[in-house]
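Any value given below was found using the heavy atoms of this structure, including those in side chains, with hydrogens, waters and symmetry copies removed. Chain identifiers are assigned alphabetically (A, B, ...) following the order of the sequence lines, protein sequences preceding nucleic acid strands; residue numbering begins at 1 within each chain.
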There are 2 protein chains.
Amino acid sequence: MNAETILKDHLLKIIDLNDEQFSYVFSHFKPMSFKKGQVIIAEGDKVSCEYFVTAGCLKSFYINDDLKMFILQFAMPGWWASDYNALYNDIKATISVDCITDAEVLCISNADREKLCSEIHAVEHFFRWRTNKGYVAAQKRLLLFMNNDAKHRYEELLNTYPQLYNIVSKQLIAAYLGVSRETLSRLYHG
Amino acid sequence: MNAETILKDHLLKIIDLNDEQFSYVFSHFKPMSFKKGQVIIAEGDKVSCEYFVTAGCLKSFYINDDLKMFILQFAMPGWWASDYNALYNDIKATISVDCITDAEVLCISNADREKLCSEIHAVEHFFRWRTNKGYVAAQKRLLLFMNNDAKHRYEELLNTYPQLYNIVSKQLIAAYLGVSRETLSRLYHG
DNA sequence: GAAAGCATGTGACCTGCATCACATTTATAA
DNA sequence: TTATAAATGTGATGCAGGTCACATGCTTTC
């Protein structure tokens, strides 16, 4: 399935757009290809775009002062990624985004998204819906962190993203769970 | 300042509405008063509304199987609160909301919010903006959790909400920070 | 296909924070 | 005001998970 179709399906699941409207919306997205390991947003960058994944897998992550990495999100096809704090507030990136595998994305600038949102009410509705989803998911994850130990978080991850386990290295899984790679290793052996 | 003015200022900071439009929007909100300790949303309730705080202080929280409480948010005047997962997805509440002090709120149903969003583009824009804010804040808090120990989270809280410290009991502060009340006590004494 | 570089497994040890226990101080209600 | 309950402080103890160290296995790449 090509990138355009993936985006179209994604939007039409939530809102109604006729062909002409969708073409207009789509014309604001720029297809881009990346190789495994390539960095899309680096810490300190000016962030002007967000990315809709159509193939492959990205991660968004934060690196602290001790160079320890924390993964906020894995982005598979049909998911969006960026440093939203930087994007919305026009500040430098603190969150980075890079490619876990070769990847294809559709890139849209913040300015173009805002333009489309103000021109087409349905598009604004779509983005409100999408952010609602993200907000609820972030809250759930926060509770998961506060409430559960590493073992429970690990089991939850297996249930929620069984595919991920084969694609992604254990180190990255550990960085997503917020435990050391040693502890993760001990969770599913010993 | 009365409830209507607080809501008006809050909306007009982000969007343009003429007096007639604002009156129409406002007519969908129902003012409600609560006493300290009163429960607004209890676990298991059907959730049909969200609440805009105009006076006092609410908390939204989760209670786990061991009866331990985790606070997601304190809601002061100008903040919104509900169980958004339950509200959007029409499921029973897992998050509760109650009053830390006597409080005044403006209540709007999910149905009415959606109606206003579809009738008035600017209102949809407002709610997209609001959820964006919430999403970014939730992500920041998640990182704070993954990255920092209890002491740092405590110091961060003091910086972010110095007012809260006088209003809210240490137990609740601890439940917000995700540490035991004993540990919190030791952080600022010993 | 050898060499260099990652990813993973596993032991030893340490530490931050939870839990339990109980004293003390501060609210709330009768 | 007094009685009862709730909030807070503080010691003793236990454990989940971090860190360091090193061995083994798996990929790249030249």
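We find that CG of B:Leu67 is positioned 15 Å from C1' of C:dT19, with the value rounded to whole Å. Whole-Å rounding puts the B:Asp66 CG to C:dC20 C1' distance at 15 Å.
With respect to B:Arg113 and B:Glu124, no salt bridge is recorded, no charged nitrogen being found less than 4.0 Å from a carboxylate O.
When all heavy atoms are compared, the tightest approach of B:Val53 to B:Met76 is CB-O, 3.5 Å.
Between B:Glu119 and B:Tyr24, the side chains place a donor N or O and an acceptor N or O closer than 3.5 Å (distance only, hydrogens not considered). Between the side chains of B:Ser96 and B:Glu43, not a single donor N or O lies within less than 3.5 Å of an accepting N or O. Residues A:Trp79 and A:His10 bring no donor and acceptor atom of their side chains to less than 3.5 Å of each other. Between the side chains of A:Asn132 and B:Thr131, at least one donor N or O sits under 3.5 Å from an acceptor N or O.
For DNA chain D, the contact window with chain A, defined by any atom under 4.0 Å from a protein heavy atom, covers D:dG17 to D:dT28 in 5' to 3' order.
Applying the 6.0 Å contact sphere to NZ of B:Lys115 captures more than 12 heavy atoms from other residues, nucleotides or ligands. Heavy-atom neighbours of A:Asn18 CG from other residues, nucleotides or ligands within 6.0 Å: above the threshold of 12.
The cationic group of B:Lys59 lies under 6.0 Å from the six-membered ring centre of B:Phe61 and within 45° of the ring axis, placing it in a cation-pi geometry.
The base of C:dC17 has none of its N or O atoms less than 3.5 Å from a complementary donor or acceptor on the side chain of B:Glu182.
Residues meeting the side chain to side chain donor-acceptor pair (under 3.5 Å) test with B:Arg153, sequence neighbours left out: none.
Residues of residues 158-171 of chain A that place a heavy atom closer than 4.0 Å to DNA chain D do not occur.
Across its full length, the helix from C:dG1-D:dC30 to C:dA30-D:dT1 shows an angle of 60° between the axes of its 5 terminal pairs at either end, rounded to 10 degrees.
Residues B:Phe74 and B:Tyr176 place their aromatic rings such that the two centres sit under 6.0 Å apart.
Aromatic ring pairs are classed by plane angle as parallel below 30°, tilted from 30° to 60° and perpendicular above 60°; the pair B:Trp80 and B:Phe126 is tilted.
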Which atom pairs link the protein and nucleotides 12-16 of chain C when you take only N or O atoms and keep those under 3.5 Å?
residue : atom : partner  : partner atom : Å
C:dA12  : N6   : A:Arg186 : NH2          : 3.4

Pairs under 3.5 Å (N/O, protein and nucleotides 23-27 of chain C):
none

